[in-house]
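Below is one structure, written out as structure tokens; comments come after it.
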Amino acid sequence: MRIPSTQALRALDSFARHGSVWRAADELHLTRSAVSHQLRLLERDLGFDLLERIGKGVALTPRGQRYAADVRKALTVLGDAVAQNAGTGVGGSFAVSCTPGFASLFLCTHIGEFRQMYPDVALSILTPRRLDDVSNPDADAFIAFGVGNWPNRVVELLCDISFTPLCSPTLLNKVGGFSKPADVLRANLLHLGDTEDWARWLALAKVENPDTESGIFFSDMNLVFSAAIAGQGIAMGDELTSRRALSEGRLVKPFETSIPSPRSYFLVSEHAKAGHPVLEAFGGWLRSKLSENRLRTY
């Protein structure tokens with residue numbers, strides 16, 4: 001029998017206790033739409049209605065109330081099991097090599113949660129010189145950005161991404177807005193290493209004869225975003241690492257057109273370390289955070 005996701009069950013439990021989607025969202029640190037989405041997925045998995053509309057709001061159906069009560073008991077048992085075994089399970093030193101942009105703009109904004117879940121893990125975050133480098137002997141695992149071709153390694157796809165132009169509201173006002181794709185050429189193009197991403201986007205947007213070699217080149221995505229936020233130009237960014245800046249209004253998307261990246265983020269490790277308890281715990285936590293991130297809306 002298929003067991004529903006823990007996140008969906010937590011959404012149901014929180015809704016049952018609070019009686020509203022917005023309070024459940026606040027407790028779970030999710031958006032209202034993410035909680036609603038989890039409840040709809042749970043209804044689909046279970047095959048019966050959990051919610052019914054009453055006036056302008058929603059409430060649990062009688063069957064939903066009974067199921068929520070059982071879920072609450074199950075979650076309590078799981079919580080007690082974690083508490084009783086805290087400090088006796090996963091532990092030890094563990095080093096993760098992670099691309100600088102992913103590390104600073106995503107991983108480091110959530111990593112405290114992993115430490116709360118696994119307090120006995122001494123975690124180290126390292127950054128490589130190349131985004132696809134998995135050669136550091138001091139690392140137990142790698143979050144690498146590439147095409148997935150790392151022979152003799154365990155390779156797991158974490159997420160695909162797409163690139164789109166991003167700039168600060170200040171720059172947008174300064175140049176008088178971007179009414180058509182060719183207007184981006186009125187600002188400095190900010191490049192990460194090479195012109196590939198900008199060239200592909202401009203071609204997709206049918207901008208004729210663009211000078212993609214102009215602009216400013218950086219070796220680190222953090223520098224690209226810093227320059228973009230400071231209004232120094234327009235960058236090509238992905239919505240995973242730029243999510244916080246977008247949600248806080250420090251960056252905006254002047255166009256909806258985006259290009260799928262030929263590269264993706266992967267979790268890479270040696271076969272000998274594939275069964276490492278911390279690697280399994282870290283991988284499970286990371287997958288959960290990325291899944292949660294995809295459900296959030298701006």
Side-chain angles (χ1 to χ4, degrees), residues 7 11 14 21-38 98-116 125 127 131 143 145 158-179 181 183-184 186-192 197-198 201 215-216 218-259 261 265 285-298:
Q7 188 169 350
S14 185
V21 171
W22 72 267
R23 287 182 177 174
D26 185 60
E27 179 180 73
L28 299 174
H29 303 293
L30 296 172
T31 62
R32 300 181 194 181
S33 60
V35 172
S36 297
H37 180 67
Q38 288 291 341
C98 182
T99 62
F102 189 98
S104 63
L105 300 169
F106 182 80
L107 186 62
C108 289
T109 63
H110 301 290
I111 198 64
E113 179 184 293
F114 179 79
R115 280 284 300 148
Q116 284 185 319
I125 307 297
T127 54
L131 303 183
I143 298 174
F145 187 62
L158 290 174
C159 63
D160 296 314
I161 63 169
S162 295
F163 289 117
T164 191
L166 302 174
C167 67
S168 72
T170 301
L171 178 69
L172 201 61
N173 293 331
K174 181 180 178 181
V175 300
F178 297 118
S179 60
D183 289 344
V184 301
R186 292 193 278 116
N188 287 321
L189 300 185
L190 306 179
H191 305 280
L192 177 61
D197 296 329
W198 266 117
W201 187 87
I216 308 170
F218 299 89
S219 62
D220 189 307
M221 196 63 203
N222 292 298
L223 303 179
V224 175
F225 276 156
S226 292
I229 290 171
Q232 302 305 298
I234 183 166
M236 288 295 290
D238 68 88
E239 295 183 7
L240 173 67
T241 54
S242 64
R243 182 171 295 273
R244 172 164 289 189
L246 285 165
S247 65
E248 294 174 350
R250 291 180 292 140
L251 289 175
V252 295
K253 293 195 304 178
F255 302 100
E256 290 301 322
T257 302
S258 63
I259 53 167
S261 171
Y265 286 107
W285 170 80
L286 183 58
R287 287 188 292 273
S288 175
K289 296 309 298 181
L290 289 169
S291 176
E292 179 183 309
N293 187 77
R294 283 190 291 269
L295 288 173
R296 292 181 184 270
T297 56
Y298 296 122

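A quick note: this is a predicted structure, and the numbers were derived from the prediction, not measured.
Between V35 and A25, the shortest heavy-atom distance links the atoms CG2-CA, 3.6 Å. A pairwise comparison of heavy atoms in H191 and V224 identifies O-CG2, 3.8 Å as the closest pair. Summarising the geometry of L290 relative to C159, their closest heavy-atom pair is CD2-SG, 4.4 Å, with the distance given to 0.1 Å. In terms of heavy atoms, S219 sits closest to L192 at C-CD1, 3.8 Å. Residue L171 comes nearest to I234 through the heavy atom pair CD2-N, 4.0 Å, listed as atom of the first residue, atom of the second, then distance. Looking at every heavy atom in both residues, G101 comes nearest to N222 through N-ND2, 4.2 Å.
Across L105, L223, L131, a single residue satisfies side chain to side chain contact (heavy atoms under 4.5 Å, CB included) together with P100, and that is L131.
Taken from CG in L166 to CE in M236, the straight-line distance is 8.0 Å, to the nearest 0.5 Å. Taking OG from S33 and CD from Q38, the interatomic distance works out to 10.5 Å, rounded to the nearest 0.5 Å. Interatomic distance, L240 CG to I161 CD1, rounded to the nearest 0.5 Å: 7.0 Å. Between the CZ atom of R32 and the CG atom of D26 there is a distance of 9.5 Å, given to the nearest 0.5 Å. Atom OG1 of T127 is separated from atom CD1 of I143 by 12.0 Å, given to the nearest 0.5 angstrom. Here the OG-CD distance, from S242 to E248, works out to 11.5 Å after rounding to the nearest 0.5 Å.
In this structure the side chain of F163 never reaches within 4.5 angstrom of the side chain of S258, judged on heavy atoms. Looking at S168 and I229, their side chains never come closer than 4.5 Å, going by heavy atoms from C-beta outward. In this structure, L30 and Q7 have side chains that are in contact, with non-hydrogen atoms separated by less than 4.5 Å. C167 has its side chain within reach of V252: a pair of non-hydrogen atoms, C-beta onward, lies under 4.5 Å apart. Side-chain contact between L172 and P254 is present, with at least one heavy-atom pair separated by less than 4.5 Å.
Here D183 pairs with R186 in a salt bridge; the nearest charged N to carboxylate O distance falls below 4.0 Å.
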Tell me, with the steps shown, if F255 and W201 meet ring pair (Phe, Tyr, Trp, His ring centres under 6.0 Å). CA-CA 11 Å; F255 302 100; W201 187 87; 5.6 Å; yes

What verdict does the side chain to side chain contact (heavy atoms under 4.5 Å, CB included) test give for W285 and I111, after you've listed the backbone C-alpha separation in whole Å, the side-chain angles of each residue and the deciding distance to 0.1 Å? CA-CA 10 Å; W285 170 80; I111 198 64; 4.0 Å; yes

Could you go step by step and tell me if T257 and T164 meet the side chain to side chain contact (heavy atoms under 4.5 Å, CB included) rule? CA-CA 7 Å; T257 302; T164 191; 5.8 Å; no

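Heavy-atom contacts from other residues, nucleotides or ligands closer than 6.0 Å to CZ of R23 number 12 or fewer.
Checking side-chain atoms of Q232 against main-chain N and O of A230 turns up a donor-acceptor pair under 3.5 Å. Listed for the W198 side chain is a donor-acceptor partner under 3.5 Å among the backbone atoms of L190. The backbone N or O of R287 lies less than 3.5 Å from no partner atom in the side chain of S291, so there is not a single donor-acceptor pair. In terms of modelled atom types and a separation under 3.5 Å, the side chain of D238 and the main chain of S162 share no donor-acceptor contact.
Ring orientation note: the planes of F145 and Y265 are tilted relative to one another, at an angle of 30° to 60°. Using cut-offs of 30° and 60° on the angle between ring planes, the pair F106 and F102 is tilted.
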